[in-house]
Amino acid sequence: MLNSGWFEDVLTWRKKHLSDRQFTLVLAFLVGIFAALAAFVLHGLIHVIQHLLTQEMELTSFNWLFLILPVVGIWLTMLFVRYVVRDNISHGITRILYAISSKKSRLAGHNCWSSVVASAITIGFGGSVGAEAPIVLTGSAIASNLGQKFRMNNKTLMLLVGCGAAAAIAGIFKAPIAGLVFTIEVLMIDLTMASISPILIASVTATCFTYVLVGDSQLFTFHTLHPWVVGRVPANIALGVFCGLVSLYFIRMMNACEGMFAKMQSRYAKLAVGGLILSTLIFLFPSLYGEGYTSINILLDGSPDADWNKLMEKSMFYGKGEMILLIYVGCVILTKCFATASTNGGGGCGGTFAPSLFIGAFAGFLFSRLWNMYSGGVYFPEENAALLGMAGVMSGVMHAPLTGVFLIAELTAGYDLFMPLMIVSVCAYLTILAFEPHSIYGMRLARQGKLITHHTDKSVLTLMTLESVIDKNFTPVDKDMELVQLVHALSNSHSDVLPVLDPAGNILGEVNLQKIRHIVFRTELYHRFKVGQLMEPVRTTVRLGDPMEDVMAAFEKNNVQHIPVLDKDGHLFGYISKAHLYSQYRQMVADMSND
C-alpha cells in the first residue's frame, strides 16, 4: 500500500532531494509511459474484438450481424458500468474539464482503467464512437492519482492532468506537438515556462514508448501525390467554410440527440432506442461500424475510382456506381452524429474525437468530388481534400484550429500541405465561431459557468468555489427582540451585520450596526425599539452553487459589503464578505501568475 512506512520514507527522501518542479518532471515522464500503455492496450483490445466478430462477413452484400452486434456491445458496456464501475464514465474530456474547474483536478481512481474496458467493448462490437476521449480521460486520471498519492498541490495537479491528456494524444497518434497544443487549446492549460517542460516530456515520452510498442506503423497512411498550388486557395477557403458548417451540424445534432436520451428515465429504454438506431444505421452504412479508421485510410489512399467502392463493402450499395457512392458518402456524413449519440445515449462509452476525424475525411472527399464535377476550377485531389477535411471538422468541433493543423500534419506526415491545412482549419473555426462560442466539450460546462478559459480573471472565478469564502459563523436575531437584546447580540458578533430570521430559518431582513450606531449607546431607548423597526430589507442574495462570476456581479451591482447565501431550501446558510472574496481572488491571481 502506498500509505505504508516505506512510502512515507520515499516522500521524505523526495522532499529532501527534489524540488516540486523537479519531481513534477519525473511524474510527467511516468505519465507518458502509462498513457502510451493505455493507448496500446485499448487499441489492441478493439482490434482483437473487431477481428473476431467481422472476419467472416460478406464483403459484397449486406450482413445481418450488424443488426445484433452493436446492441450486444452497448448492453455489455451498460452492465459493466452499472455493476462493476458504478459511476458515470461518459463524456471523457468534459469530465476532465469539470474536474479541473470544480474538483481541484481530482479524478476518480477507477478512471485509470474503467474507460479502457468500457470503450473497448463498445467500439469492438461496433459502437460508432472514438477511443481517443477514453484514453485521454485515462491518461489524465493516471496523472491526477499519481499527483494525489505524492501529495502535490492543486496547481501541480492541474498541470499533471494536462500532461496526462497530452501524453494520451501523443501516444495514440505519435504526435507530440499535437498533444501539447491539444492541452493548451482544449483543456485550457496555460503555456508558461513552468508548464511547457512537463507537458513536452509527457508527450515525447508517450510518443517514443508507442514507437517501442508498435513500431513505425501509423493509424493513417497518406502520400502527397499532388503538391499544393496557390490556385487551390479558393477551394481551400470554400472547404473550410463547408467543414465549419458540417461541424455546426454535428454539434447541434449531437446535443439534440443527447438531450432526447437524457429525458428517458429507464436505462433499458435508452438501450432499446439507442441500439435500434445504431444497428439500423450500421446495417445500411457499414462505414459507421466502430471508429471508422479503415474508411478514412481508403479516402486518404488516393485510389482509382474502382477502389472507392471499398467504402461500400459489406453493404447493399456495393458496386452500384459513382452517383450511389456520392449519395452513400453524403448519408454517412448526415447519420454519423446519430450513430455516435445513439452509442453513448444507449449506454455505450466513447468519444467524439474519432467521429470528427471520420466526418471530416468524408466531408472533404464529397466536397472535392463535387468541386471537380461542377466548379470548372483548378483540380482538387480527393485524397488531399479528405486530409484537409479531417483538420477542418476537428478544428470546428473542438474549437482547436492549431490542434487540427498539427495533429493531421504529424499523423500523416503531410507537412507539404501545411499551408492548406492552416487555411481550412482557420476558415472552419471562424465559421463555427459565428454560431457556437464553445467547443462540443466545453459548451455544457460553459452553460453552468464552470469552464476554464485562457482569460485569467474568468479562470480564477471558475476555480474559486462559493463554499470556500462563506462565513457560517453569524449571529441571528428575532424581529421581536428589543434593542437591549440586540446590543447584547452585537457585542457577541464578529460582524456588524446581523440577519433577522423567522422560526423556519428564512431571512426577513438585516440589522446593520453602521446604520443604528446613533441609538445603540442611548440606554433610555433600549426598551422603546424592537429589531423589526430597525432592520432593513436584504438587497440581494445568492444561493449555494451559484457561479462566482454571478457573485462578483451581485456585489458590484448592489454596492454592498456582505451578501447572504441561501441553501437549496431558501434558508440562510451563511454570509460572504466582499473584502474576504476580493482578498482570496487577488491571492489566486497572484498564484496563477507566479511562474
Side-chain angles (χ1 to χ4, degrees), residues 98 101-104 265 445 447-450 460-588:
Y98 178 75
S101 65
S102 302
K103 301 184 73 174
K104 299 180 180 179
Q265 300 299 319
L445 297 179
R447 296 191 191 104
Q448 304 170 25
K450 295 179 180 179
V460 170
L461 290 176
T462 302
L463 290 171
M464 291 177 68
T465 59
L466 187 58
E467 288 79 1
S468 66
V469 290
I470 294 177
D471 180 10
K472 302 177 186 176
N473 185 22
F474 57 88
T475 305
V477 294
D478 185 83
K479 68 182 181 65
D480 296 322
M481 186 181 290
E482 291 187 334
L483 179 57
V484 63
Q485 297 169 296
L486 176 62
V487 171
H488 180 71
L490 283 168
S491 66
N492 293 323
S493 175
H494 71 284
S495 173
D496 56 2
V497 175
L498 274 64
V500 183
L501 304 182
D502 66 10
N506 301 307
I507 187 167
L508 303 175
E510 295 174 326
V511 175
N512 192 326
L513 174 61
Q514 305 300 326
K515 302 291 182 63
I516 64 170
R517 186 179 295 275
H518 62 289
I519 64 171
V520 294
F521 298 110
R522 298 181 59 181
T523 57
E524 71 274 12
L525 301 178
Y526 278 8
H527 297 287
R528 293 184 57 183
F529 288 98
K530 292 187 176 182
V531 169
Q533 298 170 278
L534 302 174
M535 71 179 187
E536 55 187 20
V538 177
R539 299 182 64 174
T540 186
T541 61
V542 296
R543 287 185 177 267
L544 286 173
D546 282 356
M548 291 304 297
E549 198 168 349
D550 293 347
V551 177
M552 283 284 199
F555 274 113
E556 297 302 321
K557 180 180 179 181
N558 296 279
N559 192 27
V560 292
Q561 298 301 313
H562 298 83
I563 295 180
V565 181
L566 309 182
D567 62 18
K568 63 180 181 179
D569 298 318
H571 301 150
L572 182 64
F573 185 81
Y575 268 85
I576 182 170
S577 162
K578 185 176 183 180
H580 184 200
L581 174 62
Y582 275 75
S583 174
Q584 182 169 330
Y585 171 81
R586 286 190 293 269
Q587 183 60 50
M588 291 187 68

Of all heavy-atom pairs linking Ala554 and Val542, the shortest is CB-CG1, 4.5 Å

Heavy atoms of Lys530 and Asp480 approach each other most closely as CD-O, 3.7 Å

request  = Go through the side-chain N and O atoms of Tyr575 and Glu510 and say whether any donor and acceptor fall under 3.5 Å apart.
outcome  = yes

Whether the side chain of Glu556 engages the backbone of Ala553 through a donor-acceptor N/O pair (distance < 3.5 Å, no angle test) should be reported. no

Between Thr540 and Pro564, the two heavy atoms sitting closest are O-CD, 3.3 Å

Asn558 side chain to Val560 backbone, donor-acceptor under 3.5 Å
no

In this structure, CZ of Phe474 is separated from CG of Leu572 (nearest 0.5 Å) by 4.0 Å

Under the side chain to side chain contact (heavy atoms under 4.5 Å, CB included) rule, what do Val551 and Ile576 come out as? Steps first, then yes or no, please.
CA-CA 9 Å; Val551 177; Ile576 182 170; 3.8 Å; yes

Here the gap from Leu501 atom CG to His571 atom NE2, rounded to the nearest 0.5 Å, amounts to 10.0 Å

Between the CG atom in Leu544 and the CG atom in Asp569, the distance rounded to the nearest 0.5 Å is 10.5 Å

OG1 (Thr541) and CZ (Arg539) are apart, to the nearest 0.5 Å, by 13.5 Å

When rounded to the nearest 0.5 Å, the distance separating CE of Met481 from CG of Leu498 is 9.0 Å

message: When you measure from the side chain of Arg543 to the backbone of Leu566, do you find a donor-acceptor pair of N or O atoms at a distance under 3.5 Å?
response: no

